[in-house]
Amino acid sequence: MVAGQFVHTGTRVVLWMDPGGYDAYRVERRFSPMDKADWESSQAETRALNSPNRYSLRRGGLTDQEIERVRGGGWDLPLLQRVVDQFVLHFDVCGTSRNCFKVLHDRRDLSVHFMLDLDGTIYQTLDLKERAWHATSSNTRSVGVEIANMGAYPVGGKNPLDEWYTKEPNGQTRITIPAEFGDGGIFTKGFVGHPARPEPIVGMIQGQELIQYDYTPEQYQALIKLTASLCKVLPKIKCDYPKDAEGHLIRTKLPDSELKAYQGVLGHYHIQTDKVDPVPALQWDYVIGKARKIMEHGVPPVSGMSPMANATSLGHMRPKD
Ligand SMILES: [Zn+2]
């Protein structure tokens, strides 16, 4: 949903108003006991909750007149296309999208437009016209996605990865959602996730060596389609990622002037020195390369990977002229 219009992505997107969706417009906590969910009780119980709205108005680049218009909700697509030029990728360190929403909305007074779960289901929690709170200085100009993944840790240090990832006899690695999370709220019943590569990935980010398990193939397929759709509908987001002079991924925060000038897909760590997501595991060339192919060839073909993805109500796209 982009400024009130449905956009076809070719992959399953559960909107905030759909059954099973996560609604970041609501003031109440989503997972607290019902009689304690209202804003007054939530504020009293959770120190980090300071604002009933976990999102705000995109004002950057707008004239006073335009701000007067959009403060009432009056966004249109051309105006949004003018101000959004970054797509920020995160891993959620929550493991599942349900847990991610619980942490963002109920505990931390934060928000993000998309959450991408282990089975490739995308949840949209807000219209892209909203300024979600996920990437500090880039909130005004960006769209964000939190990809379900337990994150990256210093090599040799303590981490929760053994709790989530188990090696199977056939050499595959399986994701096990710890019992405390129940079924994890995964859309695909009985889904068993495997990282795209069985061994953990080690890499240098922000000058430190980190270890992380890869995302699932289902997450990659959905992320590729989401990336292609966003780059198409918000064309200031170039379908590319931050590269150095040799064409390699930049592995540190971008200098302020470069970040200011940057228009495209990027990691949270490109924006803030205290972040490392979504790396080292993310396969940038794969995501961007496939997304560009989709953009060149139009609507993505049926992948065969997740048949339900192509059978949802998303087919009812009715683009406005
Ligand atoms: Zn992040």
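In listed order, ligands and their atoms are each counted from 1. Everything numeric here is computed off the predicted structure, so don't read it as measured data.
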Apply side-chain contact (heavy atoms from CB on, under 4.5 Å) to Ala44 and list each qualifying residue two or more places apart in sequence or on a separate chain.
-> none

Pair Lys129 + Asp76, salt bridge at N-O below 4.0 Å | no

Looking only at non-hydrogen atoms, find the nearest pair between Asn139 and Trp133 and report the distance.
-> ND2-CA, 3.6 Å

side-chain hydrogen bond (donor to acceptor under 3.5 Å, both in side chains) between Thr121 and Asp119: does it pass, once the steps are laid out?
-> CA-CA 6 Å; Thr121 300; Asp119 65 345; 3.0 Å; yes

Those residues that, when tested against Asp285, pass side-chain contact (heavy atoms from CB on, under 4.5 Å) (two or more places apart) = Tyr241

Residue pairs, two or more places apart or on separate chains, that pass side chain to side chain donor-acceptor pair (under 3.5 Å) and touch residues 95-113 = Arg58-His113

Residue and atom names of protein N/O/S atoms that fall under 2.8 Å from the Zn ion (ligand 1) = His90 ND1, His268 ND1, Asp277 OD2

